[in-house]
Asker: 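Before we start, here is the structure in question, set down as structure tokens.
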Number of protein chains: 2
Amino acid sequence: MAKKVKIEIDSSTEEKIKEAARKVFTKNGFAATRTRDIAEEAGINLALLNYYFRSKEKLFDIVMHENMQKFLMVLHGVFNMESTSLTEKVEAIADNYINLLKEHPDLPLFVLSEIRANPEKFALSMGIKKILLESHFYKQIKERTKAKINPLHLVMNIIGLTVFPFIASPLLQRVGNLKQSEFDKLMDERRKLIPEWIDGMLNKR
Amino acid sequence: MAKKVKIEIDSSTEEKIKEAARKVFTKNGFAATRTRDIAEEAGINLALLNYYFRSKEKLFDIVMHENMQKFLMVLHGVFNMESTSLTEKVEAIADNYINLLKEHPDLPLFVLSEIRANPEKFALSMGIKKILLESHFYKQIKERTKAKINPLHLVMNIIGLTVFPFIASPLLQRVGNLKQSEFDKLMDERRKLIPEWIDGMLNKR
DNA sequence: GTCTATAATTCGATAGAC
DNA sequence: GTCTATCGAATTATAGAC
């Protein structure tokens with residue numbers, strides 16, 4: 001009577017394709033990705049990809065949506081905690097993003113590039129405004145800054161200080177002569193540093 | 001006897017094509033750009049594009065190189081000034097980058113995306129390491145931080161705080177409900193704010 | 001559901017007239 | 001130098017056998 005529980009989540013062909021698509025699309029972007037490469041990565045045939053998802057674009061939309069979700073989920077989880085201090089929220093954002101980005105370093109560049117390429121496609125993307133502007137987090141920043149400074153500056157800084165090093169990592173690792181492990185170590189240091197820096201900004205003046 | 005001076009720099013067909021290519025490539029990236037679009041943007045024919053530049057890739061390499069130059073020139077101009085203070089250097093970097101990025105907001109996302117897509121292509125890209133690691137700027141940061149913190153953190157922060165808002169602007173303008181003019185105003189405010197924030201980081205502890 | 005083979009389309013590049 | 005017309009390669013999508 002009970003519905004059969006799907007135990008092996010990733011072994012279905014559909015999931016294999018989606019996972020392969022996520023990997024290849026996120027690394028190369030939409031235009032530079034060939035459906036053949038996705039099929040190969042998934043270990044299946046090209047025709048099968050079109051059997052499950054009707055087109056390259058349909059498949060891309062799914063991957064893109066899931067990637068954006070990952071990106072926004074970090075913020076959404078933190079923004080409306082009522083009981084935590086502002087500093088604790090900043091710590092949580094930095095910590096969670098660094099975890100996410102160590103695992104998926106291509107994520108931000110992919111998301112931001114594709115949004116810039118097709119802004120109209122993500123125009124509707126629900127009320128993202130409300131997520132930030134009406135959040136408890138945003139209220140806390142406004143209180144602390146006391147109208148001395150636009151709260152958006154602080155939001156930009158929190159996200160930017162966390163995300164930017166990953167976006168620039170190819171350049172940074174070359175410029176700084178860093179091995180991957182050294183880069184990772186730097187990012188781990190930032191879990192503590194970013195909240196301190198943001199604190200300094202909030203206490204200014 | 002004297003070489004003829006080229007007065008109308010931009011009116012030559014070759015320049016028109018390069019300018020169109022810069023615009024389209026920078027907006028869409030290499031893979032998503034069609035040579036036909038460049039030709040149309042330049043107001044010339046597709047065949048002519050291949051007459052002047054042998055291939056799409058050759059044309060791209062030129063544009064890419066010029067874009068990277070723009071990006072690095074800002075740093076290069078500031079890094080080895082002997083007579084300015086660290087704070088003055090930070091002011092100069094923020095100020096010059098904000099000027100550059102207000103005019104060419106697509107620049108950073110383009111450069112960073114293409115580097116990530118083809119790291120080997122930019123591997124040789126001269127001794128970028130030396131430009132930073134042996135600069136007067138880097139020495140000044142090391143002195144001020146007194147080994148309490150890796151100087152690369154500060155470099156990341158200076159560039160990141162300046163560049164990231166432009167990278168994320170499509171999302172930011174939506175999230176913050178900003179018009180272009182309001183966004184520009186925020187960026188202008190950051191010319192003063194970024195040096196203050198960096199100062200705060202340097203004086204910590 | 002999965003495959004092979006192929007149709008249909010897109011796009012970079014070239015031939016050749018002017 | 002500049003154009004029109006077209007070739008050829010690459011790639012998405014589909015038809016049809018199993």
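Keep in mind that this is a model prediction, so the values were computed, not measured. Order of the sequence lines fixes the chain letters, A, B, ..., with proteins taken first and strands second; residue numbering starts at 1 for each chain. The basis for the numbers below is simple: all heavy atoms, side chains too, and nothing from hydrogens, waters or symmetry mates.
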Asker: Is the terminal nitrogen or CZ of A:K56 (NZ for Lys, CZ for Arg) located under 6.0 angstrom from the six-membered ring centre of A:F30 and within 45° of that ring's axis?
Answerer: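 Satisfied, under 6.0 Å and within 45°.
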
Asker: Short of 4.0 Å, heavy atom to strand atom, which residues of residues 21-35 of chain B count as contacting DNA chain D?
Answerer: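 Residues of residues 21-35 of chain B that come under 4.0 Å of DNA chain D do not exist, since none gets that close.
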
Asker: Can you tell me the distance, in whole Å, between the CD atom of B:E40 and the C1' atom of D:dC3?
Answerer: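 Those two atoms, CD and C1', are 16 Å apart.
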
Asker: Hey, can you pull the residues of residues 45-64 of chain B with a non-hydrogen atom under 4.0 angstrom from DNA chain D?
Answerer: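 Result for residues 45-64 of chain B: B:N45, B:A47, B:L48, B:Y51, B:Y52, sorted by number.
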
Asker: Examine A:Y97 together with A:F166 and report whether their ring centres are nearer than 6.0 Å.
Answerer: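 Centroid distance A:Y97-A:F166: not below 6.0 Å, so no.
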
Asker: Got a sec, which residues hit side-chain hydrogen bond (donor to acceptor under 3.5 Å, both in side chains) with B:N118, two or more places apart in sequence or on another chain?
Answerer: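 B:N118 satisfies side-chain hydrogen bond (donor to acceptor under 3.5 Å, both in side chains) with no residue once adjacent residues are dropped.
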
Asker: Between B:R36 (CZ) and C:dG12 (P), how many Å, whole number?
Answerer: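 Spelled out: CZ on B:R36 to P on C:dG12 is 7 Å.
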
Asker: What is the distance from CD1 of A:I17 to C1' of C:dT2, rounded to the nearest Å?
Answerer: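 One finds 10 Å between C1' of C:dT2 and CD1 of A:I17, rounded.
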
Asker: Under the criterion side-chain hydrogen bond (donor to acceptor under 3.5 Å, both in side chains), which of A:R191, A:K192, A:K185 is the partner of A:D188?
Answerer: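 Checked A:R191, A:K192, A:K185 against A:D188; only one passes side-chain hydrogen bond (donor to acceptor under 3.5 Å, both in side chains): A:R191.
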
Asker: Restricting to non-hydrogen atoms, name the atom on B:I141 and the atom on B:P151 that form the minimum distance, rounded to 0.1 Å.
Answerer: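 Nearest heavy atoms, B:I141 then B:P151: CG2-CB, 3.8 Å.
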
Asker: Does B:K27 come within less than 4.0 Å of B:E41, counting only side-chain N to carboxylate O?
Answerer: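 No, this pair does not count.
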
Asker: If only side-chain N and O atoms of A:T13 are considered, is one of them under 4.0 Å from the OP1 or OP2 phosphate oxygen of C:dT2?
Answerer: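 The answer is yes; a side-chain N or O of A:T13 sits under 4.0 Å from OP1 or OP2.
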
Asker: How long is the line joining CD of B:E14 and P of D:dT2, in whole Å?
Answerer: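 That distance rounds to 10 Å.
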
Asker: A:M81 versus A:F137: any side-chain heavy-atom pair under 4.5 Å?
Answerer: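 SC-SC contact between A:M81 and A:F137 ruled out.
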
Asker: Centroid separation under 6.0 Å, is that true for the rings of A:F25 and A:F60?
Answerer: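 Centroid distance A:F60-A:F25: below 6.0 Å, so yes.
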
